[in-house]
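Worksheet: the structure to be examined is printed underneath.
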Amino acid sequence: MTTAAWLHEELTAVIEDECRLRGLDAPAAVPALEEPRDRAHGDLAATVALELARSWGLAPRALAERIAERLRPRLGDRVQRLEVAGPGFLNFFLSPLALLQDGRGMAVDLDGALAVDVGRGARVLVEFVSANPTGPLHIGNGWLSIYGDAVARLLAFGGFKVTREYYVNDTGGQIRTLGASVLAAHRGEAIPEGGYRGAYVSDLAASYDGPDDVEAAGRWAVPRILAMIRGALEELHIHFDSWYSQASIEEGGLVAEVVAKLGERGALYEADGAVWFAAERFGDVRDRVLRKANGDYTYLAGDIAYHYDKLVVRGFDRAIDVFGADHHGQVASLFAALRALGIDETRLEIRLGQMVSLLEDGAAVKFSKRAGTAVPLSWLVDKLGPDATRLLALSSSIDRASQVDLAKAQATSSENPVYYIQYAHARVSALRRQARQAGLELDPATDWSVLGHPRELELIRGLLRLPRVLATAIDERAPHRLVTWLLEVAGAFHGFYHDCPIVVEGDDRVRRARLALSDLAGRAIARSLDLIGVRAVEEM
RNA sequence: GCCCUCGUAGCUCAGUGGAGAGAGCAGCUGCCUUCUAAGCAGUCGGUCGCAGGUUCGAAUCCUGCCGAGGGCGCCA
């Protein structure tokens, strides 16, 4: 057991005992100990006294003193000092021994230390990218593809059975527009108003040999464009388990079936020759058309059927959609439809990523296919490589509209954070090689008690933070938290490496312990990099 | 007009109920005859958009305002 877990147990025991003495109900749970930002406040801190003071009718400080007094005799040599500070914080100063024990424990069983099983085998469908197959992916698409892929990796690590799916919008007006663009280019005519003008259109048109029909040309072009999209994703090590066709849902009759189901539940009405979904009654901001006056189904009708397919027909326990903020308008409608269909809406989770823009000459330029400001994803990957691209995309939260400074991303590529992290791993790899050559055996269970340098302790503290960070990253679907941790721990490792000789150290016991610590850092970094899909290199 | 998201250092961003707010880049200053200097150390830099409120405690929660982005189609 880690020191933090053990302290939490002791603290809980004291508080429960104190409750009995006072005839009070024990709190549902004593919050976990926190790591204060300021080391002057100890290694771990508890805020229970502040939280319980009111209901116990005591001054927080007095309550903290009382808890501290009861706790002190139980602490032994793993805690150097317990002090009450500020308004009533309980600050624990651990003995180096406790940290070293925890570090050694983690080194001996890293898998055990990191294990989280929040998924319990639940089947989750993660839908992401799903960009219309009318042109190559741009950087904005790319950012969210990388995010979706990292979330899928995290969920799989967290015990979910994950399926990655790309929803292919291979039907409807845009495909006709695409077909018309290809045909026009094929005939050497001008691209029609509102059509697709990229170079890929003329490339495709050159090899088009089908009939002179807009539908046919569109259907012909889609798989070819999808191949381009797939290629760009493969470069980033993003693979899908399933490419799900919108047309197939329509042709299979599911759209009609689901619309009928909504009708049976009294959620539909007709007006102006169209079939409407009474979405407002189910929480949407307005009602929506599902079937147009001309008999065609709307995109929303297909999307509702698609989600019905995910959650009912295919029976996934959970569906996670990763959308760009420009699809924000769909969210309320989809949830309204789930409510109307009687499907537990908590099974659907929609992650909206804010828009990505390009920073050029200090001004943001939005990605727009029409305005011609969409930079192809593959262009950036060619410049930076998959690792730097992925790390750049994952270093900030998707809740924030991020700005990519292309000039900086390229010019400072050697100073890119990805190299800082990979360099730490490469250094560990070099140490392992040199240790082998020097006949120094790597043993995680070696005696760690010979360590104690501030750099060593700082690195161990950082490593011990990983289990909590990982759990949070999974829970919040926030891979950027792992990136933040990687940067911190890489920094701690570089500091340790700089000040603490390892293979060349004279004291053999210290050599072995430092090698074990380095090795642990390397494994923890490699594991985390793998979860965000960035390679851990052996040398640089 | 209504709805959603965001506003933190010159720039790009962490931190979303805990104690004097952090990192990287940019600027300035040191450190390579020992395991990779793609490194380490120091320094400069902030009314956490503004104003109220809730709380023992607010960058974090609530309200209003300002600013940015997105949405509000019988488009997809």
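Throughout, protein chains are lettered first and strands after them, A, B, ... in sequence-line order, and every chain is numbered starting at 1.
The side chain of A:Arg427 contributes no N or O atom lying less than 4.0 Å from OP1 or OP2 of B:rC40. An OP1 or OP2 oxygen of B:rA76 is reached within less than 4.0 angstrom by no side-chain nitrogen or oxygen of A:Arg176. Between A:Lys292 and B:rC75, a side-chain N or O to OP1/OP2 separation shorter than 4.0 Å is present. Look at A:Arg288 and you won't find any side-chain N or O under 4.0 angstrom from OP1 or OP2 of B:rC72. The phosphate of B:rC40 has OP1 or OP2 within less than 4.0 Å of a side-chain N or O from A:Tyr420. In this structure, A:Gln354 does not reach the B:rU5 phosphate: none of its side-chain N or O atoms is under 4.0 Å from OP1 or OP2. For A:Ser395 and B:rC13, the shortest distance from a side-chain N or O to OP1 or OP2 is not below 4.0 Å.
Nearest nucleotide to the A:Val285 side chain, out of B:rC72, B:rG18, B:rA41: B:rC72. Comparing B:rC40, B:rC72, B:rA14 against the side chain of A:Arg286 picks out B:rC72 as the nearest. Comparing B:rA19, B:rC13, B:rC4 against the side chain of A:Arg400 picks out B:rC13 as the nearest. When distances run from any side-chain atom of A:His41 to the nucleotides B:rG18, B:rA19, B:rA76, the shortest one goes to B:rA19. The side chain of A:Thr484 lies closest to B:rA14, out of B:rG18, B:rA37, B:rA14. Closest to the A:Asp326 side chain, of the nucleotides B:rA14, B:rG71, B:rG18, is B:rG71. Across B:rU34, B:rA14, B:rC72, the shortest atom-to-atom separation from the side chain of A:Ser396 is found for B:rA14. Side chain of A:Asn132, nearest nucleotide from B:rU16, B:rA76, B:rU34: B:rA76. Set against B:rC74, B:rA76, B:rG69, the side chain of A:Met355 has B:rG69 as its closest nucleotide.
Within the model, atoms CZ of A:Phe92 and NE2 of A:His41 stand 15.0 Å from one another, a figure rounded to the nearest 0.5 Å. Note that CG of A:Leu431 and CZ of A:Arg514 are 11.5 Å apart. Values are rounded to the nearest 0.5 Å. Taking CZ from A:Arg427 and NE2 from A:His498, the interatomic distance works out to 8.0 Å, rounded to the nearest 0.5 Å. Distance check: A:Thr446 OG1 to A:Leu451 CG gives 9.0 Å after rounding to the nearest 0.5 Å.
Residue contacts for A:Ala271: at a heavy-atom cut-off of 4.0 Å it reaches a base atom on one of the strands shown. At a threshold of 4.0 angstrom between heavy atoms, the contacts of A:Leu487 with the nucleic acid are absent. Residue contacts for A:Asn91: at a heavy-atom cut-off of 4.0 Å it reaches a base atom on one of the strands shown. Looking at heavy-atom distances under 4.0 Å, A:Asp303 makes no contact with the nucleic acid at all. Across all strands shown, A:Glu488 has no heavy atoms under 4.0 Å from either base or sugar-phosphate atoms. Residue-level contact check: A:Ala332 touches neither bases nor backbone, having no heavy atom under 4.0 Å from any strand. Within 4.0 Å of A:Asp399, counting heavy atoms only, lie sugar-phosphate atoms of the nucleic acid but no base atom. Residue contacts for A:Ala426: at a heavy-atom cut-off of 4.0 Å it reaches a base atom on one of the strands shown. At the heavy-atom level, A:Arg61 lies nowhere under 4.0 Å from the strands shown. When heavy atoms are screened at a 4.0 angstrom cut-off, A:Ala59 is found touching no nucleic acid atom at all. A:Gln422 comes within 4.0 angstrom of no nucleic acid atom, judged by non-hydrogen atoms across all strands. Contact annotation for A:Pro501: base contact, defined as any heavy-atom pair under 4.0 Å involving a base atom.
Of the two residues near RNA chain B, A:Ala490 and A:Arg291, the one whose nearest nucleotide lies more 5' is A:Ala490.
Residues A:Tyr167 and A:Asp303 have side chains that never bring a donor and an acceptor to within less than 3.5 angstrom of each other. Under the 3.5 Å distance criterion, with hydrogens and angles disregarded, no donor-acceptor pair is assigned to the side chains of A:Glu476 and A:Thr472.
As a whole-Å value, the separation of A:His494 NE2 from B:rC32 P is 20 Å. Taking atom NE2 of residue A:His425 and atom P of nucleotide B:rG39, one finds them 17 Å apart after rounding to whole Å. Note: CZ (A:Arg481) to C1' (B:rU16) measures 8 Å, nearest angstrom. Summarising the geometry, the separation between CG on A:Leu394 and C1' on B:rC13 is reported as 14 Å, rounded to the nearest angstrom. Summarising the geometry, the separation between CG on A:Asp284 and P on B:rC72 is reported as 11 Å, rounded to the nearest angstrom. Atom-to-atom, CG of A:Leu352 to P of B:rG71 comes out at 12 Å; the value is rounded to the nearest Å.
Between A:His494 and A:Tyr420, the distance from one ring center to the other falls under 6.0 angstrom. Two rings, from A:Tyr166 and A:Phe128, have their centers 6.0 Å or more apart.
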The dot-bracket string of RNA chain B, counting Watson-Crick and G-U wobble pairs with both distances under 3.5 Å, using [ ] for crossing pairs and | for pairs to another strand, is (((((((..((((....[...)))).(((((.......))))).....(((((..]....))))))))))))....
Working note: A:Thr171 + A:Gln246, criterion side chain to side chain contact (heavy atoms under 4.5 Å, CB included); need CA distance, chi angles, decisive distance, verdict. CA-CA 7 Å; A:Thr171 179; A:Gln246 181 183 357; 3.5 Å; yes
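In textbook terms, a nucleotide whose glycosidic angle is within 90° of 0 is syn, while B:rC48, being further out, is anti.
A:Glu127 and A:Lys310 are joined by a salt bridge, as a carboxylate oxygen and a charged side-chain nitrogen come within less than 4.0 angstrom of each other. A salt bridge links A:Glu458 and A:Arg39; the closest N-O separation between the charged side-chain nitrogens and carboxylate oxygens is under 4.0 Å.
We find that the ring of A:Phe89 and the base of B:rA19 stack, their centres lying under 5.5 angstrom apart and their planes tilted less than 30°.
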Sub-3.5 Å pairs of nitrogen or oxygen atoms, protein against nucleotides 57-62 of chain B:
from   : atom 1 : to      : atom 2 : distance (Å)
B:rA59 : N6     : A:Arg37 : NH2    : 2.9

Sort me out a list of protein N/O and nucleotides 44-48 of chain B N/O pairs below 3.5 Å, or just none if empty.
none

